[in-house]
Amino acid sequence: MEKTKEKAKKKVKVIKIDVDKCNGCRACEVVCSAFHATPRYSSNNPERSRIRVIHDPLKDIYVPVYAGEYTKAECAGRDKYVIDGKEYDECAFCRASCPSRTLFKEPDSGLPLKCDMCEDEPPQDEPLCVKWCINDALTYEEKEEEEEEEVKLDDMEIGLGSLIDKYGADKITDAVARMSKKG
Ligand code: SF4
Ligand code: SF4
């Protein structure tokens, strides 16, 4: 069946992280965990935060890491980061909530945590971690991207449907097969 491609727009939300500006104050962790507490703002346990500031083993940089997708199994292989010639712990900057560590798991239930861009109720006009980062290590931007979407042509569907009604599906299938061989 002939299909046509039609471009649709989607809004993409981006938080840019400037590691050089992060001083490890953890205000982002505090506000995120408070926003997601039940009742709202009743506690500020960083273990409930969807952003964690990772202090690497060599204690010379802070890296804010956002909670990403939940994964059922840990990776078969591991990665190591080398930054400015220094080697960092494997898994240190990974965003996944996975069985190999406690990061990004709700402390009471063990359920995985994932950043929701503060779209929870009430939705915020800007992610709270960005608002609370007075060092501008986190900045927010929205952009539009085109996405490809296959759209069926209604009139083609109607036309094919009436041909099948008239001649039967087998005959139409044979005819299409013959035509494709000729091509
Ligand atoms: S609030 Fe900003 S500076 Fe403070 S730890 Fe978070 S990202 Fe780093
Ligand atoms: S965007 Fe909102 S949900 Fe995501 S880490 Fe920041 S404060 Fe938490």
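Because the structure is a prediction, the values reported are computed rather than measured. Numbering of ligands and ligand atoms starts at 1, following listing order. Numbers here simply count residues along the sequence, with the first being 1.
In summary, Glu142 and Lys11 engage in a salt bridge, as defined by a charged side-chain N under 4.0 Å from a carboxylate O. Between Glu119 and Lys13, at least one side-chain nitrogen of the basic residue sits less than 4.0 Å from a carboxylate oxygen of the acidic one, meeting the salt-bridge criterion.
Closest approach of Cys28 to Ser49, counting heavy atoms only: O-OG, 4.3 Å. Contact detail for Asp120 and His36: the closest heavy-atom pair is OD2-CD2, 4.0 Å. The two residues Pro122 and Phe35 have their closest heavy-atom pair at O-CZ, 3.6 Å.
Protein atoms that are N, O or S and lie under 2.8 Å from atom 2 (Fe) of ligand 2 are these: Cys118 SG.
Close approach of ligand 1 to Asn23 is summarised as follows: ligand atoms under 4.0 Å from at least one heavy atom of the residue are 3 (S), 4 (Fe). Atom numbering of ligand 1 starts at 1 in the shown order; those under 4.0 Å from a heavy atom of Arg26 are 4 (Fe), 5 (S). Ligand-side atoms of ligand 1 in range of Val53: 5 (S), range being under 4.0 angstrom from any heavy atom. Atoms of ligand 1 found under 4.0 Å from any heavy atom of Pro64 (numbered from 1 in listed order, with element): 7 (S). Here is the list of ligand 1 atoms found below 4.0 Å of a heavy atom in Cys28: 1 (S), 5 (S), 6 (Fe), 7 (S).
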- prompt: Stepwise, does the side chain to side chain contact (heavy atoms under 4.5 Å, CB included) test hold for Lys114 with Ser97?
  reply: CA-CA 8 Å; Lys114 183 182 172 188; Ser97 171; over 6 Å; no
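Atom 4 (Fe) of ligand 1 has Cys25 SG, 2.3 Å as its closest protein atom, hydrogens excluded (heavy atom only). Counting only heavy atoms of the protein, atom 8 (Fe) of ligand 1 lies nearest to Cys22 SG, 2.4 Å. Closest to atom 5 (S) of ligand 2 among all protein heavy atoms lies Tyr66 CE2, 3.4 Å. Looking from atom 3 (S) of ligand 1 to the surrounding protein, the closest heavy atom is Asn135 ND2, 3.2 Å.
Clustering ILVMFWY residues whenever any of their side-chain heavy atoms sit less than 4.5 angstrom apart, transitively, puts Val19 in the very cluster that holds Tyr140. Hydrophobic clustering keeps Val130 apart from Val30 (ILVMFWY residues linked when any side-chain heavy atoms are closer than 4.5 Å, directly or through intermediates).
Residue contacts with ligand 1 for Cys133 involve both N, CA, C or O and side-chain atoms from C-beta outward (heavy atoms, distance under 4.0 Å).
With hydrogens and angles ignored, the 3.5 Å screen pairs a side-chain donor or acceptor of Glu106 with a backbone N or O of Ser109. Checked by atom type and distance alone, the side chain of Asp18 pairs as donor or acceptor with a backbone atom of Asp20 at under 3.5 Å.
Aromatic ring orientation, Tyr81 versus Phe93: perpendicular (interplanar angle above 60°, classes split at 30° and 60°).
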